[in-house]
Protein chains: 2
Amino acid sequence: MVFHFRKQFPQLNLYWDKYLPFQQRLEVPAKTVLLEEGKVSQHYTFIEQGCVRAFFLKDGDDKTVQFFFENEGFSSIDSFVNEVPSSLTIETIEPSVLYLLPRTYVLQLLDELSHEPGFMSMLLKITASRQRHYNDELLSFIRDTPEQRYQRLLTDRPHIIRRVPQHYIASYLAVSTVHLSRIKSKLAKGKPHF
Amino acid sequence: MVFHFRKQFPQLNLYWDKYLPFQQRLEVPAKTVLLEEGKVSQHYTFIEQGCVRAFFLKDGDDKTVQFFFENEGFSSIDSFVNEVPSSLTIETIEPSVLYLLPRTYVLQLLDELSHEPGFMSMLLKITASRQRHYNDELLSFIRDTPEQRYQRLLTDRPHIIRRVPQHYIASYLAVSTVHLSRIKSKLAKGKPHF
DNA sequence: TAAATTTGATAACATATGTTATCGTCACGG
DNA sequence: CCGTGACGATAACATATGTTATCAAATTTA
């Protein structure tokens, strides 16, 4: 889902830069829907400033699956390669500055890159590591209690907790906001902070 | 995780058959450990007869992640490509007949195949679809109650329920055996079967 | 075949988590 | 400056799920 071209493959920057002119700059307020569940993603989106989440609806309330921040990009390779509709809605959390690269250019870029020696094996490694990531998320859901997942978030990715409103965190941990409050107050008791 | 060479790519059978002589036939009783958590997988394993499960330990009891049956093969591409230790234990459920193809030959086979035109894109498609599968499993865990997951298993893959002892099903659904019993008896009330 | 083990159901109680309601704080636009 | 809404804490109660114990049936093993 996340796809860090620049970070993971700086040697591809030349190619990437060639497509910069085709990117569309977009400034949007918080709670702007960037991609709706059921529609096919039409852009690769890069976040220059702000913060975004992916979620789906279950009965009335939503379940957050992933957060994205500055200098991260997103799009579903699946959706691009196979033009399948997205199962997730993507929405800004904060006012954000985005750069959109239309689908056509992404495909063109991928095509160019495929002639680059070793690109395919890199792509395989990327997909393998993404897979490992999703695998870990799944295992964490099976293995850990909500409290443990919250603690992991706290130690591994504290910036998320600092920055994202708590009800989105609850939605991400798949617990109610009330229960997340309970978890926090329980942890606070154990470790007074002064 | 699962990798259906033959099923998904019959045009590759020629290559595959070339390696048949290097396979080792293995007949094992139930509850035989085929791969231990923390060790690197040394074979691609094909199941001719029997049934196998992958699981990991959490505190005392185990969580089943996946079942495998006749004419299915398994191994972690990750583990093969990157030689990372497996996070899962793999164990037979029934007495089984297996064919093992050692790691070396698998790598050799992959190398040969990589010269086959279009193989890489096929591999990408495979990994994409595996990813979708794991994604769906994760979403199902977030979205559905244990009861709903059981019903889905019942309608989508009834052979698993028919064949696998119930405590493994409970372990797969990540509920206690007691609760699975409750679910079953509740469903039985709603729909008497005669 | 008899004993031992595995499998599954059920009851009773304990714990985890959800739901609803209430309250307080804070930010922001009139 | 005030109202309004977003955000978060907490209490009270409801429901879901786990744990332990017990029993019965089926299956394996000696």
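In what follows, chains carry the letters A, B, and so on, assigned in the order in which the sequence lines appear, proteins first and then strands, with residues in each chain numbered from 1.
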Rounded to the nearest 0.5 Å, how far apart are [atom1] of [X] and [atom2] of [Y]?
X     : Y     : atom1 : atom2 : value
B/Y99 : B/Q23 : OH    : CD    : 8.0 Å
A/I93 : A/T32 : CD1   : OG1   : 12.0 Å
A/I90 : A/Q66 : CD1   : CD    : 8.5 Å

Over its full length, what angle do the end axes of the helix from C/dT1-D/dA30 to C/dG30-D/dC1 make, each axis taken from five pairs and the result rounded to 10 degrees?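 What I find for the helix from C/dT1-D/dA30 to C/dG30-D/dC1 is an axis angle of 40°.
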Using a 4.0 Å cut-off on protein heavy atoms (strictly under), produce a 5'-to-3' string for nucleotides 4-19 of chain D with B for base contact, S for backbone-only sugar-phosphate contact, and - for none. ---SSBBBB----BBB
Between A/F74 and A/F68, does the ring centroid distance fall short of 6.0 Å?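 For A/F74 and A/F68, the ring centres are under 6.0 Å apart.
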Could you check whether A/R53 pairs with A/E91 (Lys NZ or Arg NE/NH1/NH2 to Asp/Glu carboxylate O, under 4.0 Å)?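 A/E91 and A/R53: salt-bridged.
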Are any of the side-chain nitrogens in A/E37 or A/K39 under 4.0 Å away from the carboxylate oxygens of its partner?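 No, A/E37 and A/K39 are not salt-bridged.
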Close side-chain approach of B/F67 to B/V52, heavy-atom, < 4.5 Å: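 Side-chain contact under 4.5 Å: no.
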